[in-house]
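The block underneath contains the structure these notes are about, expressed in structure tokens.
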2 protein chains.
Amino acid sequence: MTLSETQQKAARARLCRVGLRPTRQRVALAGLLFGGNDRHVTAEQLHGEAMARGIKVSLATVYNTLHQFNNVGLLREVVVDPSRSYFDTNVSHHHHFYFEGESRLQDVPGHEIAIDSLPEVPKGSEVSRVDVIVRLRARPGSSDR
Amino acid sequence: MTLSETQQKAARARLCRVGLRPTRQRVALAGLLFGGNDRHVTAEQLHGEAMARGIKVSLATVYNTLHQFNNVGLLREVVVDPSRSYFDTNVSHHHHFYFEGESRLQDVPGHEIAIDSLPEVPKGSEVSRVDVIVRLRARPGSSDR
DNA sequence: ATTTGTGCAAATCGTTTGCATCTGA
DNA sequence: TCAGATGCAAACGATTTGCACAAAT
């Protein structure tokens with residue numbers, strides 16, 4: 001099924017707010033990304049999802065769009081896996097669990113990890129962001145529960 | 001110039017200790033990596049350096065070797081840049097500064113970043129590692145000082 | 001002798017780009 | 001109208017792989 005009327009409106013508004021033209025594919029992708037809960041997507045995933053919903057977008061456009069969204073702050077790129085890029089729809093202050101076996105991300109609310117005592121930052125630099133990645137592996141002797 | 005006798009010995013010993021055959025190229029690469037201070041290298045960099053020193057190694061072997069070293073704990077892969085993999089010769093507990101403009105890493109001693117209050121880890125998982133990456137950008141209005 | 005590693009070149013894979021065509025304002 | 005987007009296919013760059021050859025035990 002396709003996106004609801006309301007989702008379209010919201011997506012359109014969101015795009016205008018950040019100065020991006022609400023083109024058909026951008027509106028559709030924004031709808032998928034921001035229509036529900038927070039998500040962590042790769043370009044391939046999102047493209048696949050769009051196809052499945054009958055939205056016609058090329059993979060190249062998905063890549064472009066993800067980067068554009070990232071640039072204007074609608075998304076945040078998460079670097080955890082050297083082989084793939086993840087984009088997080090949650091752009092507020094938070095960190096991540098990364099399930100190494102499953103290549104899956106999960107948010108950790110920012111307040112649940114307190115960093116006290118950042119080291120002195122080198123002269124001429126300023127902190128752009130602090131990423132904390134808690135890498136997890138399946139606990140041996142536990143069938144997932 | 002080539003590696004010193006002592007460095008060769010040390011490299012050989014290090015390899016045997018972790019159960020890797022001390023082949024010519026592994027000994028040479030280990031010599032480059034562990035001969036001096038801690039370093040953050042990419043495969044291309046290390047390969048270039050080897051060539052410059054007249055060590056004959058193929059890029060493929062450099063990749064293989066880096067991964068083998070990583071697997072046995074001689075190196076630690078640092079994921080900060082979606083386009084390249086870095087390997088750190090410092091495998092002790094520590095974190096990183098990442099200079100976004102220059103694609104350069106710098107160690108931050110583990111004790112200089114204290115994380116108090118890790119969130120509850122999902123059932124069936126255990127922490128494999130916690131990575132903290134402090135992303136830095138040049139401070140505007142500062143010619144690097 | 002047997003096992004393991006190496007080099008090369010080709011293959012892969014995610015991602016980016018050039019360019020002709022389309023589309024939204 | 002016309003700047004800005006899109007799609008496609010080709011280009012790309014980092015990494016991996018298959019296989020014949022070489023080296024270590």
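Protein chains get the first letters and strands the later ones, always in sequence-line order, with residue 1 at the start of each.
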With clusters built from Ile, Leu, Val, Met, Phe, Trp and Tyr whose side-chain heavy atoms come within less than 4.5 Å, directly or transitively, what are the remaining members of the cluster of A:Val79, listed by chain and number? B:Val79
What's the CG-P distance between A:Leu66 and C:dG14, to the nearest Å? 15 Å
Side-chain donor-acceptor contact under 3.5 Å, A:Asp107 with A:His95: no
Contact class for A:His67 (heavy atom, under 4.0 Å): base, sugar-phosphate, or nothing? sugar-phosphate
Sugar-phosphate means primed atoms, P, OP1 and OP2; the rest is base. With that split, encode nucleotides 5-12 of chain C 5' to 3' as B, S or - using protein heavy atoms under 4.0 Å. SSBB----
Please give, in whole Å, the distance from D:dA23 C1' to B:Arg12 CZ? 13 Å
Pair listing, side-chain hydrogen bond (donor to acceptor under 3.5 Å, both in side chains) test, anchored in residues 14-33 of chain B, at least two apart: B:Arg26-B:Gln68
Mind calculating the distance between CD (A:Gln45) and P (C:dT15) to the nearest angstrom? 11 Å
List in numerical order all residues of residues 69-85 of chain A for which some heavy atom is under 4.0 Å away from an atom belonging to DNA chain C. A:Ser83, A:Arg84, A:Ser85
I'd like to know if A:Asp131 and A:Arg76 make a salt bridge, using a cut-off of under 4.0 Å between side-chain N and carboxylate O. yes
Tell me whether the side-chain N/O atoms of A:Tyr63 come closer than 4.0 Å to OP1 or OP2 in C:dT16. no
Is the closest side-chain donor-acceptor distance between A:His40 and A:Asn90 under 3.5 Å? no
With A:Arg137 via side-chain hydrogen bond (donor to acceptor under 3.5 Å, both in side chains) - residues at least two apart: B:Glu126
Do A:Val80 and A:Tyr86 come close enough that some side-chain heavy atom pair is under 4.5 Å? yes
A:Glu49: what forms a salt bridge (Lys or Arg N to Asp or Glu O under 4.0 Å) with it, not counting sequence neighbours? A:Arg39
